[in-house]
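See below for the structure under consideration.
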Amino acid sequence: MSSTIEIAVVGSGYVGLVAAVCFAEMGHQVTCVDNDPRKVAALQGGDSLIHEEHLPELLQRYRNGRVTFTTNLGEATAKAQAIFIAVGTPQSDTGHADLSYVEAVACEIARHLDNYKVIVEKSTVPVYTNEWIRRSIERNGVDRKMFDVVSNPEFLREGSAVSDFLHPDRIVVGADSERAAEVLKAIYAPLTDGSYYDQQGIIPGRFSSSEPPPLLLTSTKSAEIIKHASNAFLALKISFINAVANLCEATDANVQQVAQGMGLDSRIGPKFLRPGIGYGGSCFPKDVAAFRSVADQMGVDFALLTEVEKINATQRKRFLSKVRSALWTLRGKRLGVLGLAFKGDTDDIRDSPAIEMVKMLLGEGCSINAFDPAGMERSEAVLPAGDKLKYAADAYAAAEDADALLILTDWPEFATLNLGKLRTALRYPILVDGRNMFEPAVAAQAGFNYYSVGRPAAHPTRDEVA
Ligand code: UDX
Ligand code: UDX
C-alpha cells in the first residue's frame with residue numbers, strides 16, 4: 001500500500017506544474033511554489049497557463065485540494081518531506097547553464113529546514129550541481145544530518161508531458177544516501193508497484209500494473225549526466241538524420257526510406273529520425289550547449305556536440321535557401337506560414353526554429369501571414385503583428401493569396417488539411433514543407449509544386465495542374 005507524502009515543488013513551469021499535478025494524481029499532497037504571484041493566482045483559479053494535454057483536467061481535479069499554489073517557499077518547505085526544485089536553468093552567454101535560480105531556491109530552503117528533508121533536483125543541471133546545492137545549504141548553517149540532496153531528472157516531452165510523467169520509460173534516482181533513496185522510492189511507488197495503473201480513470205499510457213516502469217538507482221553525478229547525455233544523444237540523432245537528409249537531397253535519394261531502413265534495426269530504433277528544420281525548444285539547444293561546456297570545463301574533448309549544433313544551425317539556413325529557390329527571389333513575396341511553436345501539440349515558442357525562420361524571412365523582405373493552433377499568443381509577444389506580419393484565423397486564411405505556403409511545425413492536424421482547398425486559396429501552388437507532413441506524390445496530385453526535406457521535389461503533371 002503506497003503512502004501519501006508531503007511534497008513541495010518549486011517552479012510551476014512546464015516541468016514543475018506537470019510534476020505537481022501528477023504527484024497529486026499519484027496520491028500525494030503537494031504544495032507548488034512559484035515566485036511569480038500572477039502565475040500563482042492564475043493556477044489557483046484553474047488556468048493551467050500552458051497548452052498541454054490532460055493538464056487542465058488534473059489541475060481542475062486537484063487545485064486547492066491535493067495541490068495548493070503559493071509564493072511562500074518557506075511555508076512549503078517547512079511542511080514538506082521532499083522538495084523538488086524545478087525552476088529554470090537558462091543558458092548563459094558562455095553556454096553554461098545559469099544556476100542562479102537553483103542557488104537562490106537552495107538558500108531559501110536552507111533557512112526553513114527544521115527537520116530531515118530530501119531536496120530533489122528536478123531541473124536539468126550540469127554534473128556537480130547536486131554537490132553545490134549541498135554545500136550551499138551547509139554554508140547557510142544547516143547540519144548535514146538534516147537533509148540529503150537527490151537528483152531525479154525529468155524526461156517528459158512537451159505536448160505529452162502528463163502521460164510521459166505517469167508512464168515514464170524510466171525513473172532515475174541519483175542518491176548517495178539510502179535514507180533519501182527510500183523517500184524517492186516511496187514517492188514513485190504508485191508507478192513502480194503498478195498500483196496507479198489499476199485505478200479507474202487514470203491517464204492512459206503504455207504501462208500497466210503487470211508491467212510497471214523501472215526505477216534506476218544511481219549516484220547523484222551519474223543521474224545528472226544521464227539527463228544531459230540523453231538530451232544530447234537525441235539531439236545528435238536529429239542532426240545525424242538531418243545530415244543524411246542533405247545527402248539524400250544531393251543524390252536524389254529519399255530520407256524517409258533511409259530512416260525507415262535504419263530504424264528497423266532494433267539497435268538504432270525508428271524514433272527521433274525525423275528530419276526537418278532542426279531541433280528547438282527549451283531543452284535541446286541549451287542542454288547540448290551546457291553538456292559541451294561541462295566537458296570543456298573538465299578538459300574532455302566533446303567536439304562531436306559542436307558538430308551537432310553546427311548541423312542544426314545549418315538546417316535552418318538550408319530551408320531558407322529552399323524557399324528562395326522555389327520562389328526565385330524573396331523580397332516582396334507574400335508567404336503563408338503554418339506553425340510557430342517549436343514542435344506540434346504545444347504552445348511553447350522558446351527557441352522555436354519556426355520563429356527563427358519567420359524572423360529570417362521578414363529580414364529578407366517577405367510579408368507573412370502565419371497560423372499556429374496554439375502558439376500565436378506567445379508569438380505575438382515576441383513578433384508583434386504589423387504591416388509585414390499578420391496572424392491568421394486558420395490554415396486556409398494563412399494561405400489566402402500567398403505566393404507559397406510553408407510548413408514549419410509538425411502539428412498533427414496539418415497533415416489532415418484539405419490540400420485542394422489550400423491550393424485554391426494560394427496565389428501559386430507552391431508548398432515548402434519543413435516537416436515532411438505530406439507524401440510528395442499526394443501533394444503533387446493535389447496540384448502542388450512540393451518541396452520537403454531529404455526527399456525529391458514533386459510536381460503536378462499537366463492533368464493535375466488543370
Ligand atoms: C525549466 C528548465 O528549462 C528545465 O531545464 C528544467 O529541467 C526545469 O525548469 P520549464 O519548467 O519549462 O523548465 O521552465 P519554466 O517554464 O521557465 O518554469 C520555471 C518556473 O520557475 C517559472 O514559473 C518561474 O516563475 C519559476 N521560478 C523561477 C521560481 O519560482 N523561482 C525562481 O527563483 C525562478
Ligand atoms: C525533450 C526531450 O525529448 C525530453 O525527454 C526532455 O525532458 C526535454 O527535451 P521536448 O523539448 O519537449 O523534449 O521535445 P522533443 O519532442 O524532444 O523535440 C525537441 C525538438 O526536436 C523539437 O523542435 C522537434 O521538432 C525536434 N525533433 C524531434 C526533430 O526535428 N526530429 C525528430 O525526429 C524529433
Side-chain angles (χ1 to χ4, degrees), residues 9-20 32-40 42-43 49-50 52 69-73 76 84-91 97-108 121-126 129 152-161 164-165 168-170 226-228 230-235 237-242 245 259 263 269-288 290 312 315-316 339 341-346 348-356 408-411 434-436 453:
V9 178
V10 191
S12 62
Y14 287 83
V15 174
L17 178 59
V18 170
C32 189
V33 188
D34 203 290
N35 64 0
D36 181 345
R38 280 170 312 175
K39 255 191 180 177
V40 169
L43 292 167
L49 295 169
I50 52 176
E52 197 59 64
F69 295 97
T70 177
T71 53
N72 193 329
L73 177 55
F84 285 75
I85 303 178
V87 295
T89 49
Q91 188 179 332
D98 172 357
L99 296 174
S100 55
Y101 298 133
V102 175
E103 183 184 11
V105 169
C107 293
E108 182 68 12
E121 13 159 86
K122 194 80 172 145
S123 297
T124 302
V125 289
T129 303
N152 171 224
E154 183 48 56
F155 300 97
L156 62 78
R157 289 161 303 172
E158 290 179 24
S160 53
D164 284 350
F165 194 97
D169 284 356
R170 76 294 208 193
I226 285 171
K227 175 64 196 186
H228 263 161
S230 300
N231 271 2
F233 189 79
L234 290 169
K237 228 178 153 184
I238 299 168
S239 277
F240 188 89
I241 202 66
N242 278 330
K271 293 182 183 162
F272 276 67
L273 286 179
R274 291 192 320 274
I277 54 173
Y279 60 75
S282 70
C283 291
F284 285 178
K286 96 173 154 54
D287 291 348
V288 173
N312 200 49
Q315 206 59 13
R316 296 172 203 193
F342 82 97
K343 65 174 200 174
D345 287 323
T346 177
D348 196 349
I349 54 151
R350 289 179 289 178
D351 242 314
S352 169
I355 295 282
E356 210 181 308
L408 302 182
T409 305
D410 54 347
W411 276 93
R435 300 291 192 158
N436 289 0
V453 182

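Each ligand, and each atom within it, is numbered from 1 in the order the structure gives. This is a predicted model, so every value here is computed, not measured.
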(request) For Gly11, take its heavy atoms, then give the atoms of ligand 1 lying under 4.0 Å from any of them. (result)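 This gives 20 (C), 21 (O), 26 (C) as the contact atoms.
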(message) Distance under 4.0 Å to a non-hydrogen atom of Lys39: what atoms of ligand 1 satisfy this?
(response)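 Close to Lys39: 22 (C), 23 (O).
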(request) Compute the minimum heavy-atom distance from Cys283 to ligand 1 and say whether it is under 4.0 Å. (result)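 False for this residue.
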(request) Decide whether the shortest distance between a heavy atom of Thr89 and an atom of ligand 1 is less than 4.0 Å. (result)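 Yes, Thr89 has heavy atoms under 4.0 Å from ligand 1.
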(request) May I ask you to check if ligand 1 and Tyr101 share an N or O to N or O distance below 3.5 Å? (result)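 Between Tyr101 and ligand 1 (N or O atoms, distance only) the closest approach is not under 3.5 Å.
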(message) With nothing but distance in play, are any N or O atoms of Asn35 less than 3.5 Å from an N or O of ligand 1?
(response)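 N/O-N/O distance under 3.5 Å: yes.
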What protein heavy atom is closest to [atom], reported as residue, atom name and distance in Å?
atom: atom 15 (P) of ligand 1; value: Arg350 NH1, 3.7 Å
atom: atom 31 (N) of ligand 2; value: Arg274 O, 2.9 Å
atom: atom 18 (O) of ligand 2; value: Lys343 CD, 3.9 Å

(message) Does any N or O of ligand 2 fall below 3.5 Å from an N or O anywhere on Leu234, backbone included?
(response)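 For ligand 2, there is no N or O atom that lies under 3.5 Å from one belonging to Leu234.
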(request) Would you check whether Phe155 has a nitrogen or oxygen atom less than 3.5 angstrom from a nitrogen or oxygen atom of ligand 2? (result)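 Among all N and O atoms of Phe155, at least one is under 3.5 Å from an N or O of ligand 2.
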(request) Out of Tyr279, Phe342, Phe165, indicate the one that has the non-hydrogen atom closest to atom 11 (O) of ligand 2. (result)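 Result: the heavy atom closest to atom 11 (O) of ligand 2 is in Phe342.
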(message) For atom 4 (C) of ligand 2, which of the options Leu156, Asp169, Thr124, Thr409 provides the nearest non-hydrogen atom?
(response)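 Residue with the shortest heavy-atom distance to the ligand atom: Leu156.
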Side chain, backbone, both or neither: which applies to [X] and ligand 1 if a contact is any heavy-atom pair less than 4.0 Å apart?
X: Ala86; answer: backbone
X: Lys286; answer: side chain
X: Gln91; answer: neither

(message) Heavy-atom pairs closer than 4.0 Å: do any link ligand 2 to the side chain of Asn231, the backbone, both, or neither?
(response)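 The part of Asn231 near ligand 2 is the side chain, not the backbone.
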(message) When you measure from the heavy atoms of Arg435 to every atom of ligand 2, does any distance fall below 4.0 Å?
(response)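 Arg435: in contact with ligand 2 (<4.0 Å).
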(request) Would you please determine whether Gly280 falls within less than 4.0 Å of ligand 2 on a heavy-atom basis? (result)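 Gly280: in contact with ligand 2 (<4.0 Å).
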Which ligand 2 atoms does [X] reach within 4.0 Å, using its non-hydrogen atoms?
X: Glu154; result: 7 (O)
X: Lys227; result: 6 (C), 7 (O)
X: Glu158; result: 12 (O)

(message) Between Glu52 and Ala161 (side chain of the first, backbone of the second, donor and acceptor by atom type, cut-off under 3.5 Å), is there such a pair?
(response)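 A pair under 3.5 Å: yes.
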What pairs of donor and acceptor atoms, side-chain ones from residues 270-286 against any protein atom, are under 3.5 angstrom apart with sequence neighbours left out?
{"residue": "Arg274", "atom": "NH2", "partner": "Asp410", "partner atom": "OD2", "Å": "3.3"}
{"residue": "Lys286", "atom": "NZ", "partner": "Thr89", "partner atom": "OG1", "Å": "3.3"}

